[in-house]
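I have placed the structure first, in the form of structure tokens, so that the comments after it can refer back to it.
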Amino acid sequence: MAFKRKEAVVEAVDLNTITPEDAEKRIIAGVKKYATNEANWTKADGNTPYLGHIVGMGIESANLADITMSIERQFLTRKTTRVPVQGSETEFTLVDGELGKLRILEGQDSVMATPGLTIKKLMELGHMRADAAYLEGVASFATIVSVGAGHRLNDALRKTLARLEKLAPAERAEAKANLQSLVQQTQDYEALLADAAALAASKQGDFQTDKASFDSLDAELRLINEKLKGVTATDDPSRAASLRAEEAQVRTRIRMMRQKLVVSEETARGAERRTKVDEAKFQETRAVLAESVKAGQQAMRAATPVAC
Amino acid sequence: MRLQRCLANAAAPFVHLFLWAAGEKRLGYAFKDVDAFRRQVWALLDSHDGPFIWAANHLTLWDSFLIYYAIFPFSKSLRWNRIPWSTPEYTNYYKLGNWLQCRLIRAFMYLCRCIPFLRGGDDEGSVRWREKAFEKCIWLLETGGTVFVFPEATRARNGWFEAHRPKDFLGRLALRVPDVKFLCLYMRGETQVGTTAYPAAGETFRIYAELWDPAIGPESTPRSVAEELFRRVGELQERWFASSSMAKNCSGNDVVDLASPLAREHFSPDLAEADPEWAERLLTAKEAAYLGSRPPREVYRTFWRFHAAKEAASKALAQAGVKVLPGGFSTIEVELFQGKARHLPSQLELCLSFTDDDGDKLHCVAVLRGGAVGDGQTPGDVLWRVEAVPPGRSPSDFARELCLELIAGSSDDIPSPASLSFTEIDDIPRVVRQGKPQDWGVSISHSGRFAACSFMVT
């Protein structure tokens, strides 16, 4: 069966024969048709998020798999030979082999939030040579996540402000309380972005939550193993088979949870270290937030009747 | 039973010390306001001379130990008639570890007043086992004792006590022992999202209790007793969540524009077949097999039903603090026929409902906790709206406005959408009213020509 994406003629190139900058351009061009925010896509660089309408390219979550497949279609790699991961029957990794199509394995695209982070991951996985100079210009995953949240919060505040101007005086009292709450939230978030240690601590909290879930799953696996021991001792083959199926299921769940843990660990770690490009992103976002807070405070003053 | 009771009475102080050492000292478990709680519960227990049934929600395998420990200070460990007998699942506890471990655990369970229960199996042996355990419970209650039963009979897969799904077991027990009173309980760790084998180390628990006299009369039935009991435990759950930092209402929605060119991109021109390489990234093996079994004319719609369900489920999960990684849709498995979605790593189970399902679009609502999604017979606790985005409007802005209008229009207390605003907390959209973010399980979505929103009214 001919699928439309196969009609598209894409000349794949060996990732080791092009510069990271060229790869970045190809990645951005490849996702054009999924980008719903044309303006942001047109000026996109290595640090423009794929998702999100405010500062991102506006790609919808329904098209996330398309981004990964678009990247795979465009590049060739030598990491093409599958090798099973020790101790697992379902997982495998890729090692050097014949030049062939790039394959991004399950979970590897979780932190590929921007073209720059995609290239960084491809370098980490050995598909491309590491290029320290290029990586200096790539904002971390933690930065993209924190900055993105800041822009969404700013958008919410700006929209509330815009609505306030159109309201009848009677409606303003409740709207003012909401505005006050949003201004406070934005101000708090701006302060959080300014304090790298506090931001890192909050991300560390998310990591600890994921770690607790992972440990709990691990405990579940140990419990099943204890049950299996007990069943083996009493020789109940049907119960043993059902427990083995349960064990396999828990192992799959652990694998999925591990992927999530890797992402939250990366976010927590990245929040602690800020490169120049990260710092610039934070400064830019803080300036935007501070301006909106100022506008919000002015609007609140204007909405407060002055006593004569 | 008499011998077990004698030995368990003698062992009670030692069991208490063991639970203190294992729970408080080794695992760092703590109970919030435990002294006040114990005073309140003992006032209730001392108000009735007859038998008691403890009925509590169930999330971890250690719940009965933890609840016993929360209620019993050491000084009460000789109040034998008030120490509850439990009915643990035989397969969970009685065949654990090697020969020696297995016997040690069995001995411990024996001294902890356990009556092993076999919940699975419809064969004669299993049914007889259940009836025998039931009769043992009756005997204990008739002799003034206390029995502890989880009314749901299993751990809640969505982490939510379903008050509208009563089970009759406790109703049957109450009818056989008319002077019995219920101690309704709701206990949960502050970070306990769903079902786990054990609570996380260092967990702090909050617990609520209420005494209920079922006042058995000639018109009482097992179902009527069970319904009231479930309602009461459900109310305690509401109280628990009212003081929790976790959101109670967790729901999500997703709309798909079926005519969108991007939605059709990975299908054959007649939409009868999906690109397998693409589908493999989004579906589990089970879902892919189901898709493959559908008649060609239903493949396209079935695929997008899976996708909408996963997207809606991921939004509901995020509200509960369980974030699904971008592109991690293969970690959610959908059962379209049963209207369920399961997050595989956490095993949290969500209920699904497809609304506005026509040739142009489909819309899905998912509920994890806080209420019911509803079905053809009974209305649920989720309200939603799907509308076409007017030309020139930003779909995202339009979806937000639609949501505020829907919420304001659904309540006499909210004068207009102007009294509401949107914000985002931990990447989750929340509606603010009177300056406070509301626990309404709000969700917004847009796709192609359509925008949609939903929220919960519980």
Side-chain angles (χ1 to χ4, degrees), chain A residues 1-6 33-34 51 53 60-66 68-69 106-107 109-110 113 149 152-153 156-157 159-160 163 167-168 171 174-175 177-182 185 209 212-213 215-217 219-220 223 226-227 229-231 233-234 236 239 252-254 256-257 259-260 263, chain B residues 61 91-92 94-99 101-102 191 193 196-198 200-201 256 262-269 273 275 277-278 281-282 307 311 321 323 325-331 344-347 394 396-397 400 415-416 418-425 427 432-437 447:
Chain A
M1 183 58 68
F3 293 98
K4 283 186 182 175
R5 73 175 172 81
K6 289 179 182 163
K33 69 169 160 185
Y34 308 109
L51 300 184
H53 285 76
E60 290 181 6
S61 52
N63 297 116
L64 275 167
D66 298 282
T68 306
M69 289 175 75
E106 191 186 348
D109 53 358
S110 301
R152 288 195 298 276
L153 186 56
L157 175 55
K159 277 175 185 151
T160 303
R163 288 171 72 222
L167 296 182
E171 294 173 317
E174 283 212 48
N178 295 343
L179 178 64
Q180 197 166 6
S181 152
L182 271 170
Q185 195 190 344
T209 305
S213 304
D215 291 345
S216 158
L217 258 182
E220 209 151 314
L223 180 70
E226 290 301 315
K227 284 184 187 174
K229 273 190 218 162
V231 168
T234 54
D236 182 349
R239 175 83 182 134
T252 307
R253 291 168 60 196
I254 285 178
M256 290 170 171
M257 194 61 94
Q259 286 170 5
K260 192 159 181 276
V263 174
Chain B
L61 293 176
T91 54
N92 277 344
Y94 287 78
K95 284 184 176 181
L96 279 179
N98 60 32
W99 186 91
Q101 285 168 323
C102 187
T191 63
V193 174
T196 53
Y198 319 116
V256 178
L262 284 180
R264 293 167 176 251
E265 191 186 45
H266 297 288
F267 289 83
S268 55
E273 203 184 334
D275 175 352
E277 194 189 327
W278 174 71
R281 289 176 186 272
L282 298 161
H307 197 281
E311 184 89 47
K323 286 179 187 163
L325 291 176
F329 276 5
S330 56
T331 61
L344 298 173
S346 65
Q347 291 288 289
S394 147
S396 159
D397 291 353
R400 281 173 167 76
S416 79
S419 12
L420 308 169
S421 288
F422 259 101
T423 187
E424 203 166 290
I425 298 172
D427 301 334
V432 183
R433 188 186 173 212
Q434 293 171 339
K436 290 192 184 102
S447 163

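These numbers come from the heavy atoms of this one structure, side chains and all, not from hydrogens, waters or symmetry mates.
When heavy atoms are compared at a cutoff of 4.5 Å, Q347(B) approaches chain A by way of both its backbone and its side chain. In this structure, the portions of S330(B) lying under 4.5 Å from any heavy atom of chain A include both its backbone and its side chain. With a threshold of 4.5 angstrom between heavy atoms, E311(B) approaches chain A through side-chain atoms but not through N, CA, C or O. Looking at S416(B), only its side chain comes within 4.5 Å of chain A, counting heavy atoms on both sides. With a 4.5 angstrom heavy-atom cutoff, E60(A) touches chain B only via side-chain atoms. At a 4.5 Å heavy-atom cutoff, the contact between T68(A) and chain B is made by side-chain atoms alone. Within the 4.5 angstrom heavy-atom criterion, atoms from both the backbone and the side chain of L344(B) approach chain A. For a residue to count as touching a neighbouring chain, one of its non-hydrogen atoms must lie under 4.5 Å from one of that chain's; by this rule L167(A) touches chain B with the side chain only.
Between chain B and the options L182(A), L51(A), L153(A), heavy-atom pairs under 4.5 Å are most frequent for L182(A). Of the listed residues (T191(B), D397(B), L282(B)), the greatest number of heavy-atom pairs within a distance under 4.5 Å of chain A belongs to D397(B). Looking only at heavy-atom pairs under 4.5 Å with chain B, the residue among A113(A), A212(A), G107(A), S216(A) that has the most is S216(A). Options S213(A), S181(A), A175(A) differ in how many heavy-atom pairs under 4.5 Å they form with chain B, and the most are formed by S181(A). With chain B as partner, the option from T209(A), D109(A), N178(A) having the largest number of non-hydrogen pairs under 4.5 angstrom is N178(A). With respect to chain A, the highest number of heavy-atom pairs below 4.5 Å among S421(B), A200(B), A197(B) belongs to S421(B). Taking chain A as the reference chain and counting heavy-atom pairs below 4.5 Å, the highest number among P437(B), A263(B), A418(B), P415(B) is found for A418(B). By number of non-hydrogen pairs under 4.5 angstrom with chain B, the leading residue of E106(A), H53(A), Q185(A) is Q185(A).
Contact detail for P345(B) and L217(A): the closest heavy-atom pair is O-CD1, 3.6 Å. Contact record, M69(A) with D275(B): CE-OD2, 4.2 Å, taken as the closest heavy-atom pair. The shortest heavy-atom contact between K229(A) and Q101(B) is NZ-OE1, 4.4 Å. Looking at every heavy atom in both residues, L262(B) comes nearest to K33(A) through CD1-O, 3.8 Å. Counting all heavy atoms, side chain and backbone alike, Y198(B) lies closest to L223(A) at OH-CD1, 3.5 Å. Shown here for A156(A) and F422(B), the closest heavy-atom pair between the two residues is CB-O, 3.4 Å.
For S419(B), the side-chain hydrogen bond (donor to acceptor under 3.5 Å, both in side chains) test picks out no residue, with sequence neighbours left out.
Separation of atoms CG (N63(A)) and NE2 (H266(B)) is listed at 7.0 Å; rounding is to 0.5 Å. Here the straight-line distance linking atom CG of L325(B) with atom CG of L64(A) works out to 11.0 Å at 0.5 Å rounding. Expressed to the nearest 0.5 Å, how far NZ of K159(A) lies from OG of S396(B) amounts to 5.0 Å. Considering CZ of R253(A) and OG1 of T331(B), their distance stands at 12.0 Å, rounded to 0.5 Å. Rounding to the nearest 0.5 Å places CD1 of I425(B) at 12.5 Å from CZ of R152(A).
Checked by atom type and distance alone, the side chain of R163(A) pairs as donor or acceptor with a backbone atom of L420(B) at under 3.5 Å.
Put simply, the side chain of E265(B) reaches to within 4.5 Å of the side chain of D66(A), judged on heavy atoms.
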